[in-house]
Structures are given as structure tokens and as C-alpha cells.
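Only one structure is covered here, and it is reproduced in the block below.
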Number of protein chains: 2
Amino acid sequence: MALDRDQVLRSAAALLTRKSTATMDEVAKAAGISRATLHRHFAGRDALVRALETLGIEECGKALDAARLDEGPASDAVRRLVGEFEPVAGLLAFLYGENQLFEGESQNEGWARIDARIAALFRRGQENGEFRIDLTPAWLTEALYGLVASGAWAVLDGRVATKDFQFMIVELLLGGALRREES
Amino acid sequence: MALDRDQVLRSAAALLTRKSTATMDEVAKAAGISRATLHRHFAGRDALVRALETLGIEECGKALDAARLDEGPASDAVRRLVGEFEPVAGLLAFLYGENQLFEGESQNEGWARIDARIAALFRRGQENGEFRIDLTPAWLTEALYGLVASGAWAVLDGRVATKDFQFMIVELLLGGALRREES
DNA sequence: CCCATGTGAGACACGCATGTCTCACCGCAG
DNA sequence: CTGCGGTGAGACATGCGTGTCTCACATGGG
């Protein structure tokens, strides 16, 4: 049952990633269950979205762990992080867009923790001289989210290949578009 | 009357930028008119959004013109472009999020023209050696949109100041997060 | 075998945004 | 003053997604 719920959540994530306005009925269909059963797992659409958010936070946390942000050069950590984000980028993009609605609402404190960890990574990079200091960690974090969302949508629309996801984002985020003489 | 319509459109843009799910009634209230009058200007919500899209394309076109993309170094042109985008960034962010829904739908050909002009700018920069060639113009264009949207939201939420909008986006997009030795 | 649990299918009412309509009101030109 | 166009306010019906409920059916354990 707990397994069922998780699978339903996964398929809901996959669907809502592509069509964020999908009906509960469509979500149920996509999961291969009836609307009644879907409603037995999640009291309503709000509950479903909140569960999705919890899942997203969870996955993000795992990605942060797997990326070992404290180890080695910060730039390598960023590269690992983006690589870990790739499988959940669609879900992240959905939640990123969704969160723009909850203006003042109680921002699930889980995101604050995620934000803090990523910002800390950028700060570490600044402090050891890897990253420039005229761009705030908060903005770099925000930009990372934006690029991940953009990348996810580009992949979904087939404009770019999944295998290029990590490269494109990391290269742009760290290196920028300008051509360099050295290295 | 045509002036009225434009003003209504502006206030609708300002409102929907912050609350993309705003009701027709809220839109009318925000514009200082009744729902009936709003409906006399725009047949329905779809018509309103389409008008907003047309406005967005129009404003983008003006921004592209004002940025003189063909003149001088491509990097300077990018800087001018982002500066011109700033006043309409909110509207752009709204439309950018909205367009994720119209999956296969007839993508208003206006956007294709905008995309092409921006991509051409990046291509110009690549051809004259300013920009690196391992990031496609299409991705750089997509990333520009993503960063503009992120920046717009960050400004709306008060996380960053309006005056920093251009600097943050351009510096990240062109220079990246890595610290450089020279210049 | 039989009951219990979980499920699918469908009916039903409700809320809400929307689209449409009517009516009264106001300003203005004739 | 009078007729007219534009407006605001509100009523009304409609469509759609949702939440809730009932009932039939299948499966699996006692």
C-alpha cells in the first residue's frame, strides 16, 4: 500500500510535470487507478500537491547528499549536484512554477533547508576563491533553479537531449557564455 | 477607447504577473472597471491571455529593436537586451510559465521570430569569437529566458533589488560563476 | 465456503469561475 | 430637454473540477 502510494505519486509527478493543470481524473488514469482510489490515497488536489512537494524536497535532499557538496572543489560539487538533479528536474520545474503562487503562504520550511545548503556551497566556493564574489549566493541559487527548470522544459519539449542536460547547465552556470583564452 | 484597452491590458499584466490564477473579476477590479466592461474589451479569459501574449511579443520586439543587437560587440548587445527586458520581465515570466501549457498548440509564430533574433545574436557572438561554441544558441536563448524569469520572480519577492536585475543576469549569463584571473 | 478488504464505476451535489443578459445610471451631443 | 453610447451592478444559467457517496465485483484469508 505504501508502495502503491509512492508509485501513484511518481506517475502524478510525471504527468503534472508535462501538464500542470491536469485533472484529478487524468492523474488517476495516468496512475492506472480510479478516481475513487486516488482520493483514498490523497484527500484532495491540495493534499496531492503537498505530497508532491514533500517528495520533491525528499529527492532534493537525497541529491544534495549524493553530490557530497562539502567534498573537493566547489565547482565539481556543483557539477555533481546538477547531475543528481537531472532525474528529478521535471518535478522540480513543476514545483518551482507552482511555488510562485503561494506568495506569502507558509513556505514549506523544507525548501529553506535546501536553499541554505545550496547557498552554502556557493559561499564555500566564494570563500576559497573559486567563485566570484560579486554575485550573491542567493542569486546563484535562484539562477540554478531557473536553469534547471529551463533545462527540464527544453528536454521535455525535445529541444535538447537528456545527456546534454548536465553539461549545458553547469557550463553556463559556472563558465558563462564568454569564450576564454586559457584552459 | 483603444487607450482604455491598453491600460486595462497593462494592469492585467501587472496582476497576472503576481497571481497567474487571478479571476476575471480580480482583473476587472485591478483595472478599476467592472467585469462587464472587461468582457466588452476581451471576449473571455483566453482572449485576454492571447492579447497579453501579443503585447508581450510586441514589447519584446521593441526591446530587441532598442537593444540594437547588430551593433558593436555581441556581449554589449546582450547587456543592452537584458536592460531593455527588465521593465517587461514580469510579463515575460508570466507568459513563459503559461506557454509550458500550450504544449503542441500553435505556438504563436511571433515568439519564433523573437527566438530567432536572439539566437542570431548569440550565433553572431560565436562567429566573431566572443562566445564559446560548445553551447548552442538555442540553449543560450532558453537560458536567457529562464534567467530573466528567475530574476523577475526574485525581484517580485523582494529577494533582489530592481537595480541589480541587469547586472546579475548578464554577469552570470556571460561570465559565469567562476572567478577569473584576468580582467 | 464465506466474509472482509480493497477497488472500479458511476451517480450526485457543491463550489466556483465564466459567459450572457438585463436594467439603471451618467455624461454628452444634438 | 431628449436621445444615445458607454458603464456599473447584479441576476442568471452553464460548464467543469471536485468531494462524497453508494453499489457491485474481485481477491484472498479464515
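Residue numbers begin at 1 in each chain, while the letters A, B, ... track the order of the sequences.
- Contacts of R40(B) classified as side-chain contact (heavy atoms from CB on, under 4.5 Å), with partners at least two apart in sequence or in another chain: A36(B), T37(B).
- Side-chain atoms of W111(B) do not come within 3.5 Å of backbone N or O of I57(B) as any donor-acceptor pair.
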Would you give me the side-chain donor-acceptor pairs under 3.5 Å for residues 42-51 of chain B, sequence neighbours excluded?
| from | atom 1 | to | atom 2 | distance (Å) |
| --- | --- | --- | --- | --- |
| R45(B) | NH1 | A22(B) | O | 2.9 |
| R45(B) | NH2 | S20(B) | O | 3.4 |
| R45(B) | NH2 | A22(B) | O | 3.2 |

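- Going from atom CG of L38(A) over to atom C1' of dA9(C) covers 15 Å, rounded to whole Å.
- The overall bend of the helix from dC1(C)-dG30(D) to dG30(C)-dC1(D), read as the angle between its terminal helix axes built from five base pairs each, is 10° when rounded to 10 degrees.
- Taking Y96(B) as the reference, W153(A) meet the ring-ring contact (aromatic ring centres under 6.0 Å, His included) condition, with sequence neighbours excluded.
- Every salt bridge (charged side-chain N to carboxylate O under 4.0 Å, His left out) that R132(B) has, sequence neighbours left out, goes to E171(A), D134(B).
- Looking at residues two or more places apart in sequence or on another chain, you find a side-chain contact (heavy atoms from CB on, under 4.5 Å) between S11(A) and A31(A).
- In this structure, the side-chain contact (heavy atoms from CB on, under 4.5 Å) partners of E127(A), at least two apart in sequence or on a different chain, are R123(A).
- In this structure, CD1 of I33(B) is placed 12 Å from C1' of dG6(D), rounded to the nearest angstrom.
- To the nearest angstrom, C1' of dG19(D) lies 17 Å from NE2 of H41(A).
- Summarising the geometry, the separation between CZ on R5(A) and P on dG6(C) is reported as 16 Å, rounded to the nearest angstrom.
- With sequence neighbours excluded, the residues forming a side-chain contact (heavy atoms from CB on, under 4.5 Å) with S75(A) are P73(A), E130(A), F131(A), L174(A), L178(B), listed by chain and number.
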Could you run down the sub-3.5 Å N/O contacts of the protein with nucleotides 17-22 of chain C?
| from | atom 1 | to | atom 2 | distance (Å) |
| --- | --- | --- | --- | --- |
| dT18(C) | OP1 | R45(B) | NH1 | 3.1 |
| dT18(C) | OP2 | M24(B) | N | 2.7 |
| dG19(C) | N7 | R35(B) | NH1 | 3.1 |
| dG19(C) | O6 | R35(B) | NH2 | 3.0 |

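- For dT7(C), the OP1/OP2 oxygens have no side-chain nitrogen or oxygen of T37(A) closer than 4.0 Å.
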